[in-house]
**Q** 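Have a look at the structure that comes next, please.
All figures in this text were calculated on a predicted structure; none of them were measured in a lab. Only heavy atoms go into these numbers, but all of them, side chains included; no hydrogens, no water, no symmetry mates.
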Amino acid sequence: MAETPERVYQFNHSHLLGLSDYSAEDILYVLEQAKTFREVLERPVPKIPTLRDKTIVNLFYENSTRTRLSFELAQRRMGADVVNFSASTSSTRKGETLRDTIQNISSMKIDMVVVRHEGPGVPHFLTKCVDASIINAGDGAHEHPTQALLDLFTIQQIHPDLRGRKIAIIGDISYSRVVRSNILGLKKVGAEVTVCGPKTLMPAFVESMGANVSWNLDETLAWCDVAMALRIQMERMGQVTDLFPSLREYHHLFGIKMAHLEKYPDFIIMHPGPINRGVEMESRVADSERAVILNQVTNGLAIRMAVLYLLSGRVRE
Ligand code: NCD
């Protein structure tokens with residue numbers, strides 16, 4: 001068993017749909033729990049029986065490597081029964097609606113559903129269809145709360161007090177769910193956020209969320225403690241092909257280079273993956289000591305264990 005945390009906190013959520021529903025205290029509590037699970041992962045046998053009476057379905061309608069493996073591994077490390085659903089090999093292809101699919105799955109007595117879907121709001125919709133805890137693993141360009149939580153956890157390992165911390169998020173701001181969840185989470189815990197990227201990929205809403213906007217990578221890197229680079233989400237742009245001239249020009253203006261690391265010796269580099277080497281950053285930057293990208297992946301496991309633990313048993317019992 002994971003050690004019982006010292007702090008008693010009333011965590012009152014049945015679902016994790018997005019960080020917009022979570023308070024600063026909720027977020028910090030998840031991070032605190034994740035510390036315990038990070039320790040579990042370092043043990044010779046990194047397994048605990050916390051979810052041994054739970055059945056969880058991973059419902060993935062969109063491609064995923066890290067998030068899907070991380071959720072599944074977290075569930076298995078905690079002893080849950082796990083079933084995986086992939087849209088490409090299921091009856092979705094035979095015309096079944098999302099509601100019918102989920103109600104059929106739910107008839108198999110499922111306790112929790114982890115869902116990734118291209119439609120913003122699908123996780124919210126599922127809460128109306130089934131009696132199970134729903135965890136959003138990415139809904140279109142809307143939210144990706146466990147990614148933001150693992151990002152906050154990774155920053156906290158280096159800078160324990162997140163208040164006043166300067167975080168730059170660089171890249172495709174328009175089409176990223178990671179940026180929305182990160183701005184929400186970071187602002188709630190008192191960090192400062194600057195988003196930096198091409199004007200054509202910069203939506204008006206970021207300023208209303210409390211983020212600063214910059215068009216200048218050099219100034220942004222001189223300012224920040226953390227530089228989080230984001231992928232250009234081509235798959236969400238649809239028919240729009242003229243949002244920036246070329247990936248080469250994008251890299252020239254917004255790619256993080258070795259010269260930046262030499263010029264500004266303090267900031268660390270993060271990326272949610274998958275990285276497009278030579279676009280968001282030079283390949284050597286991704287492999288440098290300043291990058292904590294693989295640590296983000298390990299922390300993702302601890303965060304997902306913490307979220308599963310906190311939400312388990314809150315709906316069906
Ligand atoms: C992100 C996603 O799927 O939103 N990746 C992830 O979950 N690790 C970012 C991306 O696809 O670029």
**Q** His142 vs Val122, test: side chain to side chain contact (heavy atoms under 4.5 Å, CB included). Steps then yes/no.
**A** CA-CA 10 Å; His142 178 227; Val122 162; over 6 Å; no

**Q** Would you say that more than 12 heavy atoms from the other residues, nucleotides or ligands in this model lie under 6.0 Å from the CD of Glu289, or not?
**A**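 Not more than 12 within 6.0 Å, no.
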
**Q** In the structure I gave you, are the side-chain heavy atoms of Arg116 and Arg177 within less than 4.5 Å of one another anywhere?
**A**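 Yes; the side chains approach each other to less than 4.5 Å.
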
**Q** Do you see a donor-acceptor pair shorter than 3.5 Å between the side chains of Ser214 and Thr194?
**A**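 Absent: no donor and acceptor within the cut-off.
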
**Q** On the 0 to 90° scale, with breaks at 30° and 60°, tag the Phe267-Tyr264 ring pair as parallel, tilted or perpendicular.
**A**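 The rings of Phe267 and Tyr264 sit tilted, inter-plane angle from 30° to 60°.
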
**Q** Would you find more than 12 non-hydrogen atoms of other residues, nucleotides or ligands less than 6.0 Å from Asn63 atom CG?
**A**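 For Asn63, atom CG is not crowded (no more than 12 foreign heavy atoms under 6.0 Å).
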
**Q** Is a side-chain donor-acceptor pair under 3.5 Å present for Tyr29 with Glu25?
**A**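 Absent: no donor and acceptor within the cut-off.
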
**Q** Taking atom CD1 as the centre, does Ile158 end up with more than 12 heavy-atom neighbours from other residues, nucleotides or ligands that are less than 6.0 angstrom away?
**A**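 Buried by this count: over 12 neighbours within 6.0 Å.
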
**Q** Angle class for the Phe11/Tyr22 ring planes (parallel below 30°, perpendicular above 60°, tilted otherwise)?
**A**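 Rings of Phe11 and Tyr22: perpendicular, as their planes differ by over 60°.
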
**Q** Ignoring hydrogens and angles, state whether a donor on the side chain of Arg231 or His271 is under 3.5 Å from an acceptor on the partner side chain.
**A**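 The answer is no; no qualifying pair exists.
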
**Q** Taking 4.0 angstrom as the limit, do Asp287 and Arg277 come out as a salt bridge?
**A**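 Answer for the salt bridge query: yes.
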
**Q** Count I, L, V, M, F, W, Y as connected when their side-chain heavy atoms are under 4.5 Å apart, and connections chain through other members. Are Leu294 and Ile268 then in the same cluster?
**A**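 No; Ile268 is not reachable from Leu294 via cluster members.
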
**Q** Out of Ile135, Val82, Asn84, which residue meets the side-chain contact (heavy atoms from CB on, under 4.5 Å) rule with Phe71?
**A**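 Of Ile135, Val82, Asn84, side-chain contact (heavy atoms from CB on, under 4.5 Å) with Phe71 is met by Ile135 alone.
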
**Q** What I want to check is whether the side chains of Gln296 and Thr154 have a donor and an acceptor closer together than 3.5 Å.
**A**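 Distance-only check fails for Gln296 and Thr154.
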
**Q** Would Arg76 and Glu72 pass as an ion pair if we require N to O under 4.0 Å?
**A**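 Salt bridge: yes.
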
**Q** Can a salt bridge be assigned to the pair Lys35 and Glu39 using a cut-off of 4.0 Å between side-chain N and carboxylate O?
**A**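 Salt bridge: no.
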
